[in-house]
Amino acid sequence: MGAAHAIAVVAPRHAVGPAIGGAETLLRALALRLAAAGRKVRLLTTCATDHVSWENVRTPGVVRDGPLEVEHFPVAPRDAARFHEIQREISRGARLPRELEEQWLANGVRSPALCEHLRAGGYDRVLAGPYLFGLTVEVARAVPDRLLLVPCLHDEPFAYTAPIREMFATVRGCLFNSGPEQELAERLYALERRRGRVVGMGIEPFETDPSAFAARRGLEAPFLLYSGRREAGKGTPLLIEYVRTFRERVGRDVRLVLTGSGPVDPAPFVLDLGVVEEQVKREAMAAATVFAHPSCLESLGIVVLESFMARTPALVNAGSEVLRWQCARSGGGLWFRHYPDFEACLERLLADEPLRRRLGAHGRRYVEMEYSWTAVERRLWEALEAL
Amino acid sequence: MSPPPFEINADGVDTAALVAEIQAAVDARMAAGEYADARIARAERMNLLHGARGGAAVAAYIRCLRDAVEVDISDFEIRERRARLAPVLVRIKRLIWNLLKFYTYRLWSQQNQVNGMLAAGLEGLEEQTSVRLRRLEERVAEMERRLGGGGEGPRPGGG
């Protein structure tokens, strides 16, 4: 079992319910696996449930989540307006003085009580992420020699700030979601290869009836599906515009089905289901002609892997090295640089059902081999031993 | 990129080869002007802000924009959906169009001039920036080579 006898996993929120972010889902899943394997592990998180207000809703203290102990700590008071003001500047690519970068983190989501508990808690290893949260930086400053950072790193302006660079330089090691994510950290922070391991997250196998979803929704036309947060950074407005343009130029009745949280501009060809149960999402994935992922900012692409599990091919933005990597490695999807590529790829996929079936079958086999919990646990145990 | 631990079998699809084949066909059609379409420019503006950071999307966008800058000021067929009043309404609309022509033509001509100048300006800026970036990248690569590799990556947005 190596040095990691007692492990703390730190996440901004306890990922229960369908509207939680990918990083929090990943951290909870890893904590649950560690607990189920008999490790002494506790998930430390805030009392917040909403990722906009970060209001303390849950009661501080310990609750159970299956085999896992979860302890909630209050979020410290913060000046959200100041935080957003500086965040906007950073995301514009502005180079800010150190003082402002520190103010950005200080007014982000933090929990001094959680850090105090970590200092006194006697944990051998601490897993925390994602990288751009004030909480994560605070944890890294409190216990750098014990921290295995789960960064969920993207190539975005926040990754270039001085406090983030320092965090990567001082932590014990990093658990990455994919090869391109590790390579990005090596490129940005000159991180030595031996200080990182690619672990990822397991995808539960499932079987669903591909015809159930379309029949229930009365969908006769082929459709693309996107599941996840709907926002400009994730590329959803781009996808809606691409599908609109495809329909106008090619003249085919292709629909777009969306699931997940966040606002969507209404359009007659868009079916917005909002946040749905896991089973409904899986049925939609199995029924979709293509799973489209227009985001450039991914460290793993959980929903692409889930769509592979549903035997549905993916069409992803080539701007995301991670998504392109997943599609190329699996043989389960294609990628586009711009609209003309999107149009050509989609026309090919719509016209060639045997190709779609082969891509889908390969995607499924890839996820079963690379992202089964057995494979992920093997990588996680090895990382805990080595780092 | 890391080497693939997952081998694609003979029955599988080499997606990299397939995408390369599709992209080559797209690039050829693009060079022939097939995608110079205002609708693509409209869709592609999102890709500029939040999507691909490479030059391909910007170049494709500017090509589409070049095609879209000219407002169509020629006469068009005036129709009316309300069948009963159609002949009268069409005559009234034609009259209004003819009366306002002198004004709208002047307006659209000026708009076309502005659009054309903006598109040319953007094109020039894009070319200048590409050249400047290429030179900077060459200098960084040379400096890294002299220092023995590694070092900090560039800030996003060229900053």
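Residue numbers begin at 1 in each chain, while the letters A, B, ... track the order of the sequences.
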(message) Under a 4.5 Å cutoff for heavy-atom pairs, which residue among A:D341, A:L359, A:L355, A:V198 has the most contacts with chain B?
(response) A:D341
(message) Shorter than 4.5 Å, heavy atoms on both sides: which option in A:S295, A:P237, A:S178 has the most such pairs with chain B?
(response) A:P237
(message) Please check if the number of heavy atoms outside B:R29 that lie under 6.0 Å from its CZ is greater than 12.
(response) yes
(request) Kindly check if the number of other-residue, nucleotide or ligand heavy atoms within 6.0 Å of CZ (A:R98) is above 12? (result) yes
(message) Sort by residue number and list every residue of residues 18-28 of chain B having at least one heavy atom under 4.5 Å from chain A.
(response) B:L18, B:V19, B:E21, B:I22, B:Q23, B:V26, B:D27
(message) What I'd like to find out is whether the side chain of B:R39 reaches to under 4.5 Å of the side chain of A:R244, using heavy atoms alone.
(response) no
(request) Check whether any side-chain heavy atom of B:R42 sits under 4.5 Å from a side-chain heavy atom of A:T245, and report yes or no. (result) yes
(request) Write out all pairs satisfying ring pair (Phe, Tyr, Trp, His ring centres under 6.0 Å) with one or both partners inside residues 87-120 of chain B, taking only residues at least two apart or from two chains. (result) B:F76-B:W97
Proximity breakdown for [X] and chain B, heavy-atom pairs closer than 4.5 Å:
X: A:R92; value: neither
X: A:C345; value: both
X: A:E343; value: side chain

(request) Return the set of residues passing salt bridge (Lys or Arg N to Asp or Glu O under 4.0 Å) with A:D265 (not counting sequence neighbours), or none when no residue passes. (result) none
(message) For A:R229, give me all partners under salt bridge (Lys or Arg N to Asp or Glu O under 4.0 Å), at least two apart in sequence or on another chain.
(response) A:E231
(message) To the nearest 0.5 Å, what is the distance between OG1 on B:T15 and CZ on A:R324?
(response) 11.5 Å
(request) Mark yes or no for whether B:E44, through its side chain, and A:H338, through its backbone, hold a donor-acceptor pair below 3.5 Å. (result) no
(message) Give me the atom names and distance for the closest heavy-atom approach of B:I40 to A:P340.
(response) CG2-CD, 4.3 Å
